[in-house]
Every structure is written in structure tokens, then in C-alpha cells.
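Along the sequence shown, the residues carry numbers beginning at 1.
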Amino acid sequence: MLLYATLGSNDLERAGAFYDTALAPLGLKRRKEDEVEIGYGAEGDFRCRLWVVTPFNREAATIGNGSMVALEAQSRAAVDAFHAAALAGGGTDEGAPGLRPFHANFYAAYVRDPDGNKLSAVCERPE
């Protein structure tokens, strides 16, 4: 259903360092970049599905209250690794890894990037 998502940043160098670290456990890596955006994608996918960008209108990037990008994790261990890497990379905790009440196998962790954007890694597979 979704083609890609964008998240605004006021410091692409800082954001790139964070996302390089936080997304690696999910199998996502930096695939494209220029002076206004960095694209992340999975090996074998010809598209970047997550972009970190400076806003097109040249205004400061701001966060959306109630907005979040949830990324699929292949295992609960990957969710744990994402959370640890995000915190080590300068992110802040918004919810430690664990089961959530959405269904029996909804295992997720929540963080904010250095610009305040909220991210989640989710594994819906049984352990």
C-alpha cells in the first residue's frame, strides 16, 4: 500500500549517522544521498522506501504529533537490536521492546530520532 515515507531533518549528517545505525538491524541501508535527502532500502529492493529529507519548502523540519513510521522486523531479536542501536545512535526511548496488546504476537519498540520523529520496529511473528 505505501510506496515510501519521508521524515524531515534539520541536520542530515546527524540524521544519517542515526539512521545508518538504527536501521541496520532491520536490514535497511543507505542507498542514495545528496545534499537534501538520504534514502534507505532493503537489499534487492530497487526503491528507497524511507527518506530522510530537508523540507522542500526550506522551512525548519518539525515533528507531527501522532505521526509515526513503523518498520517491519523479521524477529524479536531484530526489534531489540533496533532499539539498542537507535539509543546508541542518539535516539531517545519511547517504549522498550516488548509485547503490545494489539494482538498476541505484536512485539515492538519505539524511539525518537534526533529530530524528534517517532519510529517503531515491529515483529508480528511468534517467538
Worksheet entry | Derivation and outcome, side chain to side chain contact (heavy atoms under 4.5 Å, CB included), residues R125 and Q74 | CA-CA 8 Å; R125 300 171 188 208; Q74 296 302 309; 2.5 Å; yes
Discussion item. Salt bridge check, R112 against D93: does any charged N sit closer than 4.0 Å to a carboxylate O?
Written reply: no
Item to complete: Please report the closest heavy-atom contact between C48 and K32, naming both atoms and the distance.
Response: SG-CG, 4.1 Å
Discussion item. Could you check whether atom CG of N65 has more than 12 heavy atoms from other residues, nucleotides or ligands sitting under 6.0 Å from it?
Written reply: no
Practice prompt. Any chance you could measure R14, atom CZ, to S9, atom OG, to the nearest 0.5 Å?
Written response: 6.0 Å
Item to complete: Give every residue pair that meets the ring-ring contact (aromatic ring centres under 6.0 Å, His included) criterion with at least one member in residues 90-116, sequence neighbours excluded.
Response: F102-F106, H103-F106
Worksheet, complete the sentence: Looking only at heavy atoms, the pair that brings A121 and F82 closest together is CB-CD2, 3.3 Å
Fill in: Nearest atoms (heavy-atom pairs only) where G8 meets D115
O-CB, 3.9 Å
Fill in: Heavy-atom pair with the smallest gap, counting every atom of V36 and R58
CG1-NH1, 4.2 Å
Discussion item. Are the side chains of Y40 and W51 in contact, using a 4.5 Å heavy-atom criterion?
Written reply: no
Worksheet item: Given the rule in the side chain to side chain contact (heavy atoms under 4.5 Å, CB included) test, do V111 and H83 qualify, once you have shown the distances and angles that lead to the verdict?
Response: CA-CA 7 Å; V111 299; H83 187 260; 3.6 Å; yes
Discussion item. Side chain to side chain contact (heavy atoms under 4.5 Å, CB included) for V122 and L71? Distances and angles first, verdict last.
Written reply: CA-CA 6 Å; V122 180; L71 303 165; over 6 Å; no
Worksheet entry | Worked check of side chain to side chain contact (heavy atoms under 4.5 Å, CB included) between Y4 and L2 | CA-CA 6 Å; Y4 63 87; L2 296 176; over 6 Å; no
Discussion item. Within the 4.5 Å heavy-atom criterion, are N105 and R76 side-chain neighbours or not?
Written reply: yes
Worksheet item: So, for F18 and A86, which heavy atoms are closest and what is the spacing to 0.1 Å?
Response: CE1-O, 3.3 Å
Discussion item. Salt bridge check, R49 against D45: does any charged N sit closer than 4.0 Å to a carboxylate O?
Written reply: yes
Item to complete: Identify the two heavy atoms, one from V79 and one from C123, that lie closest to each other, and give their separation to 0.1 Å.
Response: CG2-N, 3.7 Å
Worksheet item: Below 4.5 Å, heavy atoms only, C-beta onward: do L12 and I38 meet side chain to side chain?
Response: yes
Please set out all donor-acceptor pairs under 3.5 angstrom arising from side-chain atoms of residues 21-28, sequence neighbours excluded.
from	atom 1	to	atom 2	distance (Å)
T21	OG1	A17	O	3.1

Fill in: Point-to-point distance, once rounded to the nearest 0.5 Å, from CD of E59 to OG1 of T54
12.0 Å
Worksheet entry | Co-membership, hydrophobic cluster, residues V53 and L3, 4.5 Å side-chain | yes
Worksheet item: Could you state the interatomic distance from OG (S67) to CG (L7), rounded to the nearest 0.5 Å?
Response: 9.0 Å
